[in-house]
Protein chains: 2
Amino acid sequence: MARLDRAAVLNGAWAYIEIHGVDALTMRKLAASLGVNHGTLYWHVENKHALIDALADDLLAGVADDPHSNAVGMERLAELAHRLRAALLSHRDGARILAGTFVRESHTLAFGEAAIGAARSAAVPERDAVLLAFSVQYYVTGFAIEEQAAQQLEYAPKRTDIDETRFPLVKAGLDTLRNTAHDKQFDYGLRRLLRT
Amino acid sequence: MARLDRAAVLNGAWAYIEIHGVDALTMRKLAASLGVNHGTLYWHVENKHALIDALADDLLAGVADDPHSNAVGMERLAELAHRLRAALLSHRDGARILAGTFVRESHTLAFGEAAIGAARSAAVPERDAVLLAFSVQYYVTGFAIEEQAAQQLEYAPKRTDIDETRFPLVKAGLDTLRNTAHDKQFDYGLRRLLRT
DNA sequence: ACCTGAACACCGTTCAAGT
DNA sequence: ACCTGAACACCGTTCAAGT
């Protein structure tokens, strides 16, 4: 049994979340899954909240880190948005984990830095670059949260049907969405946001 | 002591959240704040999860319900976006409460119905109306989550300063944002989204 | 430096029993 | 119909003590 370290705890947490979801994540259950007494975790991580914060920042590791991209301006911003979405979706409950905590760790900041940089090189008035970069981030986060929430519902088929007479547009709209790839939906709003 | 009912439990929950935040909300603490044994709550509400779901839908009560509005198309959609944001901000942790649960209750659906209706009357190709309405919703949710997270930080001044040499754009950007009213920031992205 | 064991002060949920 | 009291199976966190 290799000795535990902080990275192993984070990986164990991700593994647990993949199977049971964040809501079921417990220091005691996590410790058990790592074959360790639960008190031990507190040697590697300050407390549960700090663990979740670390997971949130972990999610963004490498998102802004693609030196071989040669996209610029709006193209680069779109690329970053896609990479951000992919990162949030790469782990179960990822979007909720990031949204729930106000992270200011290095990976999160590195993403912000790249996004603002891209926005500044775009055609918008330069003083709006920050606003644009953040708007993109809001959109991506909101989108990914809904996307993962919907995913969850598919597994737990509590199909509460929508009243067609009271909400005909929603009813028909959801059918439309079901037949539209998530990528297309994502791109639709993203393009509107980035259009010059 | 008036008898308890479901509405009183919801109101009590909001009152508790206003003071202590959702994370501190506990069935036992809530019961205590209502002057009642904690087992009692389960007579009025199925369980804690259902209570949170109810709070989420409660948040959207009346958002789509403004019969005297005479805005149409994009104007109407912008109006709904503003009303949604206001609703999310009207209670502490509101945005996180809504985002955390996949609600399909009546108020939530009523908002969707109004938003899609507005989008359909706008100049966009009608088959994109659903995409547009949802994009707006994603943006508003993402925005409000960050907005409330930032608010929280102001109260708890754990000002972890940002490394200016590594993240100069973020550092300068946050200063810009601090001097820009939240409403302006919100409108910036919203306009980009709704621009025809 | 890392881990165990045990303790402390909490949780959500259920359910007989009261009124 | 609504509420109490008590129980059950859990939590997160701390900390002496071990190695």
Side-chain angles (χ1 to χ4, degrees), chain A residues 1-58 92-93 96-98 100-103 152 156 158, chain B residues 1-58 92-93 96-98 100-103 152 156 158:
Chain A
M1 210 43 132
R3 222 130 158 141
L4 212 58
D5 61 0
R6 194 182 159 91
V9 172
L10 291 187
N11 288 337
W14 280 127
Y16 189 91
I17 288 170
E18 233 62 66
I19 301 175
H20 303 103
V22 230
D23 292 335
L25 180 68
T26 265
M27 296 302 270
R28 295 168 110 108
K29 293 272 178 61
L30 174 56
S33 83
L34 291 167
V36 107
N37 187 293
H38 61 271
T40 303
L41 293 182
Y42 290 85
W43 180 263
H44 300 284
V45 98
E46 302 85 313
N47 51 41
K48 189 179 180 182
H49 196 97
L51 170 61
I52 303 274
D53 279 0
L55 289 176
D57 194 56
D58 205 27
R92 167 136 68 138
D93 295 332
R96 243 169 77 213
I97 289 172
L98 186 76
T101 65
F102 196 62
V103 196
Q152 234 49 303
K158 61 163 184 175
Chain B
M1 212 41 134
R3 224 136 157 128
L4 212 57
D5 61 1
R6 196 182 158 91
V9 172
L10 291 187
N11 288 336
W14 281 127
Y16 189 90
I17 289 170
E18 231 64 65
I19 301 174
H20 303 103
V22 230
D23 292 334
L25 180 68
T26 265
M27 295 301 270
R28 295 169 109 107
K29 293 273 179 61
L30 174 55
S33 83
L34 291 167
V36 109
N37 187 294
H38 61 272
T40 303
L41 293 182
Y42 291 84
W43 180 265
H44 300 285
V45 99
E46 303 86 314
N47 51 41
K48 189 179 181 182
H49 197 99
L51 170 61
I52 303 275
D53 279 0
L55 289 177
D57 194 56
D58 204 26
R92 168 133 68 141
D93 294 332
R96 242 170 77 213
I97 289 172
L98 186 77
T101 66
F102 197 61
V103 195
Q152 234 49 304
K158 61 163 182 175

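The figures that follow rest on heavy atoms only: side chains count, while hydrogens, waters and symmetry mates do not.
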ask   = Do A:L34 and A:T40 have side chains that get closer than 4.5 Å, going by heavy atoms?
value =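 Not in contact.
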
key: Contact under 4.0 Å: A:H44 side-chain N or O vs C:dA1 OP1/OP2   =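 For C:dA1, OP1/OP2 do not have a side-chain N/O of A:H44 under 4.0 Å.
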
task = Look at A:W43 and C:dC3 and indicate whether a side-chain polar atom (N or O) is within less than 4.0 Å of OP1 or OP2.
result =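 Looking at the OP1 and OP2 atoms of C:dC3, neither is under 4.0 Å from any side-chain N or O of A:W43.
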
For A:R28, salt bridge (charged side-chain N to carboxylate O under 4.0 Å, His left out) partners two or more places apart =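 Scan of A:R28 (salt bridge (charged side-chain N to carboxylate O under 4.0 Å, His left out), adjacent residues dropped) gives none.
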
query = Taking only residues two or more places apart in sequence, or in another chain, which ones meet B:D58 in a side-chain hydrogen bond (donor to acceptor under 3.5 Å, both in side chains)?
reply =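 Scan of B:D58 (side-chain hydrogen bond (donor to acceptor under 3.5 Å, both in side chains), adjacent residues dropped) gives B:W14.
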
ask   = Quick one: side-chain hydrogen bond (donor to acceptor under 3.5 Å, both in side chains) partners of A:D23, sequence neighbours excluded?
value =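 Only A:R96 meet the side-chain hydrogen bond (donor to acceptor under 3.5 Å, both in side chains) criterion with A:D23.
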
key: Under 4.0 Å protein heavy-atom contacts per nucleotide of nucleotides 10-17 of chain C, with B for base, S for backbone only and - for none   = -BBBB---

Output all residues satisfying side chain to side chain contact (heavy atoms under 4.5 Å, CB included) with [X], sequence neighbours left out; order by chain, then residue number.
X      : result
A:A50  : A:E46, A:N47
A:D5   : A:A7, A:A8
A:V103 : A:A56, A:D57, A:L98, A:T101, A:E105, A:T108

ask   = Could you give all pairs that pass the ring-ring contact (aromatic ring centres under 6.0 Å, His included) test and reach residues 17-43 of chain A, with sequence neighbours left out?
value =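 Residue pairs passing ring-ring contact (aromatic ring centres under 6.0 Å, His included), neighbours aside: A:Y16-A:H20.
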
ask   = Stems in DNA chain D: runs of 3 or more consecutive Watson-Crick or G-U pairs, distances under 3.5 Å?
value =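 Result, WC/G-U stems under 3.5 Å: C:4-8 with D:12-16, C:12-16 with D:4-8.
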
